[in-house]
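Some notes on the structure that comes next.
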Amino acid sequence: MSITYLEAIREAQAKLLRDDDRVFIYGQDVGGAFGGAFKATKGLAKEFPERVLNTPISEDAIVGTAIGAAMQGMRPIVEMQFADFSSIALNQILNNAGTHYWRTGVPVPITVRLPSGGTKGSGPFHSQSMESLYAHYPGLIVMTPATVEDAYTMLIEAVAIDDPVVYCEHKYLYYHLKADKLPDKGLPTGRARIAREGRDLTIVSYSAMTQESLAAAEELAREGLEVEVVDLRTVKPLDTDTVLASVARTGRLLCVGESFPWGGTNAEVIARVTSQGFHLLDAAPRRLNAKDTPIPYHPNLWSAHRPNAKNIVAKARALLRE
Amino acid sequence: MNIAAVEQVPLVVVATNNHYAYSTPNDREFACDDLVERAIGYGFEGYNLDGTDLAACLDVIGGAVKRARAGRPPQLVVASVLRLSGHGEHDDASYVSEEMKRQAFARDCVKVAEQTIIESNLLDPGHAGRMAQRRRRAGGRGSCHRSKEAVPEADKEDWCALSTRDLVDHVGRGMTKHECRMSKEIKCSNDERCRPPFWSFVFDIVSSFVIRISSLPHEHHLSRSDPGSAGKTVARR
């Protein structure tokens, strides 16, 4: 049996709907026979017609309704058609869901699924990575699964958590990533994973960039360079301990993320490592992000815009020479 | 409103049209003649009324509630009033025109309601006076209660925006210097190749000396010295 990242997300939702009456899926085109723009809810409306519901094309209203339902005891999963469009729901996600527990003592257990990141030809409005923006605000948990197994267990965990979770699933991994079977249990939420052990350089990454970093590590291994790849899994909370422990072993840090370069998760990791583990570093930490422009349509430009195994290798080599 | 209509929610929205958004009058907020016209577009049933008219409020809003409960579409009631104070304590509302203040809906709705109740013989004036007194006392008690509450103390606050305490992100936490060293040593003791050679400590001392000199503000030229080369000596290769 082989199961893709996308199928894992669908299976997780099917399990959640079966196991818990409070769960319902709310989003554009998720219901009926259509099953979502990427088919992440395919077939679910047939089994649960009352609980897989199409919504008007208004992200703010969708999340607002989900927040109300969550406060009344439900466990809504909101599907944004593209992460990019979740900006239309920022008021509900950040100002309402993110502050609600702090203001009232009543948590808001919503899960907002964001089909994130770039794919060829998707352009500036269907390719963005929003995790750093959501991580910046208090009151939210931000998940960025990089494997089929994590896509499955972390979504189940997201719905179980009493606080709002922004679940960033990577569209490039939907069909590219496969596993033999789905696990019953994953690592605890908030714990990073050592995706590959090494002693020369630590690459901290998450989501699709973990896969690119692993490919880069494989390439560097052929030259006798041993790269340790840390998969953050959740960018908030950020597992600083695992990152510091890795840097303690290698002395060098490269952070790789697909989001825009100004601020963000890479900057946060580097800030923490330099402020808490400066003495562990043998060279200045580096980061690799997408370019500071909107995301291009043309496949040639797109693949140069985001970090990829090739430029990760180049950056890593330069850092290892320092 | 759109999603409420699509989901056929039993909902009554009462829009208190006080004619201003802070200082901006309605003609800079929307261009239709009457807000109630919005109802049709959303699939609501809409009604408007003078919000200072108690009997009209009971009648129209009461009717809307009944219709919503009976399964009619969501209901919009636009009640015209005038904000009789500023937007906040700091605001004297001098931008409200005299003409606006002369409109029927510019009356004080509480006073009008009291008058209506008395005129309808639902309550005698003495009783109404006592009610008003009780109301004022209750308001006073409320503010007394609030002022007696202990002021919050920042160092006793848990500063936690999540109910799931074990998922709180600790920006300032992480391994202590000692824990990091331990972690480094544990790994190294398991791996002969990654144990730093004894002479690396000499380089450590030299490098820290170089870094210290280079950080002196008036010795900029020294910052060009290469602490990286000293750092290299402790690299695990």
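Fair warning: this is a prediction, and the values are worked out from it, not measured in the lab. The analysis underlying the following values was restricted to heavy atoms, covering all of them including side chains, and did not include hydrogens, waters or symmetry mates. Here is the naming used below: chain letters follow the sequence lines, and residue numbers restart at 1 for every chain.
Aromatic ring centres of B:Tyr20 and B:Tyr95: separated by under 6.0 Å.
Contact annotation for A:Ala61: both backbone and side-chain heavy atoms come within less than 4.5 Å of a heavy atom of chain B.
Residues of residues 185-194 of chain A that come within less than 4.5 angstrom of chain B, heavy atom to heavy atom, are A:Thr189 in numerical order. Contacts from residues 6-17 of chain B to chain A, taken as heavy-atom pairs separated by less than 4.5 Å, involve B:Val6, B:Glu7 in sequence order.
The pair A:Arg317-A:Glu223 meets the salt-bridge criterion, with a side-chain N (NZ, NE, NH1 or NH2) lying under 4.0 Å from an Asp/Glu carboxylate O.
Side-chain atoms of A:Glu131 and A:Tyr206 include a donor-acceptor pair closer than 3.5 Å. Side-chain contact check for B:Arg28 and B:Thr24: no donor-acceptor pair (N or O, by modelled atom type) lies under 3.5 Å. For the 3.5 Å distance criterion, the side chains of A:Gln28 and A:Asn54 fail to qualify, holding no donor opposite an acceptor.
Judged by distance alone, with hydrogens and angles left aside, the side-chain atoms of A:Thr250 form a donor-acceptor pair with the main-chain N or O of A:Arg252 at under 3.5 Å. Judged by distance alone, with hydrogens and angles left aside, the side-chain atoms of A:Thr242 form no donor-acceptor pair with the main-chain N or O of A:Asp239 at under 3.5 Å.
To the nearest 0.5 Å, atom CD1 of residue A:Ile67 and atom NE2 of residue A:His100 are 8.0 Å apart.
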* **Criterion salt bridge (charged side-chain N to carboxylate O under 4.0 Å, His left out) on A:Asp231 and A:Arg233, from CA distance to verdict** => CA-CA 6 Å; A:Asp231 170 14; A:Arg233 299 177 71 250; 5.2 Å; no
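B:His87 approaches B:Tyr22 most closely through the heavy-atom pair CB-CD2, 3.2 Å.
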